[in-house]
Amino acid sequence: MKNRLKVLRAERDWSQAELAGRLDVSRQAVNAIETGKHDPSLPLAFRIARLFEMRIEEIFDDGDHA
Amino acid sequence: MSPKTKAAAPLGPGEERSRQRRRRQWMYLAIAGCMGGVIGGITGFYDEGEGNLFTGGAEAMTLPPLLALAIAAGLLAAFLALPLYGFRLIDDYKRERNLVAFTGGCLAVIAGYPVWAVLHAGGFVPKPHAFGVFAIAYVSMTVSFLYARWRL
């Protein structure tokens, strides 16, 4: 699943470790989500959305726009 | 200001939490390693029989009864309590990789034991033994974990 996590993180000048700590996950998890290797669980997606004060679909794109 | 005299930037709250998480994880690994070393060392030191756990001769091992009970408790802690506690420490991503590892170990035993048994029946390999089955599970689990870590 595509996402804007890396861009949003860069806009705030946060490292992966900084974002990981704010989300209470490992840095490897942030890296895996950013590179599209891992889709976050729904609770984590909500935490990400709240942290960036956006809606989930503004951050994640499953490519299904039907 | 030269790089040597430049003050280090203060850690953000997220960076600090990430460091704590890493410290906790290393502590967990150190405790697991120590437990394994102590259990293995004591078992090897006090074994009074002719058997060897690593060559399939576990039935010929003998240990003082109280020590055997203590080692059994230690093994339960190391192979059951500690991993279950570890699952609570890690996040969804790492839990997923660990589940791949456990699945690999489980499937290897389910497929490996009958294959080993029929190969023994055909005279190709020695009789299946408990440590061999344990080793199949452990090695497969490790290989599956490494696969999940680098490929998934």
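The candidate from A:Leu23, A:Asp24, A:Leu19, A:Ile33 with the greatest count of non-hydrogen atom pairs under 4.5 Å with chain B is A:Asp24. The residue among A:Gly21, A:Ala20, A:Ala29, A:Ser15 with the most heavy atom pairs within less than 4.5 Å of chain B is A:Gly21.
With a 4.5 Å cut-off on non-hydrogen atoms, B:Glu96 touches chain A through its side chain but not through its backbone. Contact annotation for A:Asp39: neither backbone nor side-chain heavy atoms come within less than 4.5 Å of a heavy atom of chain B.
Note: A:Phe52 and A:Trp14 have tilted aromatic rings, judged against thresholds of 30 and 60 degrees for the angle between ring planes. Ring pair B:Tyr28/B:Tyr85 is tilted by interplanar angle, where 30° to 60° counts as tilted. Using cut-offs of 30° and 60° for the angle between ring planes, the B:Phe79 and B:Tyr138 rings count as perpendicular.
For CZ of B:Arg23, the number of neighbouring non-hydrogen atoms (other residues, nucleotides, ligands) closer than 6.0 Å is greater than 12.
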